[in-house]
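Below is one structure; the comments refer to it alone.
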Amino acid sequence: MVWIARIAVALVGLFSLAMGLMALASPVQLGTTLGIGALTPLGLNALRADLGAFFLASAIASALALIAGRASWMWGVACLYGLAVAGRFLGILVDGAPEGIAQPVTVELVLVVLSVFGAKTLGRK
């Protein structure tokens, strides 16, 4: 079961790393992928900085869980993605369900489940 948890944490980390690197290298592409755009250079900077920070923090925490044996860091990752899901559900309640919302909600819920599974399983050593 520990190997499955390690794979789960690695998947969360790799996804987060890929998204974080995309935020740094190509924030316009990331914005397009997520359905958001930069209206000004400050907005472009915010895409790079804010989204990069969100995803890279998750990637670093996942790496610490795997490499340094600090499974508890996955609770932070679960919290980040869980808050993203909560924000999406709030948006659905307030503004209605936009087209295409199922995919990001599903991805984020899977990341929460994988993170919690990793935190619980790797933390039992």
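- A side chain to side chain contact (heavy atoms under 4.5 Å, CB included) with Leu111 holds for exactly one of Thr106, Val12, Leu11; it is Val12.
- Here the CZ-CD distance, from Phe89 to Glu108, works out to 9.5 Å after rounding to the nearest 0.5 Å.
- Side chains of Pro104 and Val107 form no contact here, defined as non-hydrogen atoms less than 4.5 Å apart.
- Taking the side chain as every heavy atom from C-beta outward, Tyr81 and Ser16 approach each other to under 4.5 Å.
- Grouped by direct or indirect side-chain proximity (heavy atoms under 4.5 Å, Ile/Leu/Val/Met/Phe/Trp/Tyr only), Leu83 sits alone.
- Annotation for Arg88: atom CZ counts as buried by contact number, over 12 foreign heavy atoms lying within 6.0 Å.
- Minimum interatomic distance between Ala71 and Gly118 (heavy atoms only, all atoms of both residues): CB-O, 4.3 Å.
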Could you pull out all donor-acceptor pairs under 3.5 Å where a side-chain atom in residues 37-54 meets a protein atom, sequence neighbours excluded?
residue : atom : partner : partner atom : Å
Thr40   : OG1  : Leu42   : N            : 3.3
Thr40   : OG1  : Gly43   : N            : 3.1
Arg48   : NE   : Leu24   : O            : 2.9

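- Linking ILVMFWY side-chain heavy atoms closer than 4.5 Å, directly or via other members, places Trp75 and Val2 in a single hydrophobic cluster.
- Looking at heavy atoms from C-beta onward, Ser115 lies out of side-chain contact with Val9 at the 4.5 angstrom threshold.
- Hydrophobic clustering of Ile, Leu, Val, Met, Phe, Trp and Tyr side chains at less than 4.5 Å, counting indirect connections, keeps Ile7 apart from Leu14.
- A distance of 11.5 Å separates CG of Leu122 from CE of Met1, quoted to the nearest 0.5 Å.
- Using the six-membered ring where Trp is involved, Phe55 and Phe15 have ring planes that are perpendicular, over 60° apart on the 30 and 60° scheme.
- Qualifying side chain to side chain contact (heavy atoms under 4.5 Å, CB included) partners for Leu64, counting only residues two or more places apart in sequence or in other chains: Ile60, Ala68, Trp73.
- Between Met74 atom CE and Leu114 atom CG the span is 8.0 Å, to the nearest 0.5 Å.
- Without hydrogens or angle criteria, Ser26 side chain to Met22 main chain gives no donor-acceptor distance under 3.5 Å.
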Take Ile4 and Phe117 through the test side-chain contact (heavy atoms from CB on, under 4.5 Å) and record every step on the way to the result. CA-CA 9 Å; Ile4 295 171; Phe117 175 68; 3.7 Å; yes
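- Contact between Ser58 and Val77 at its shortest, heavy atoms only, is O-CG2, 3.7 Å.
- From Leu30, atom CG reaches atom CD1 of Ile36 across 6.5 Å, with rounding to the nearest 0.5 Å.
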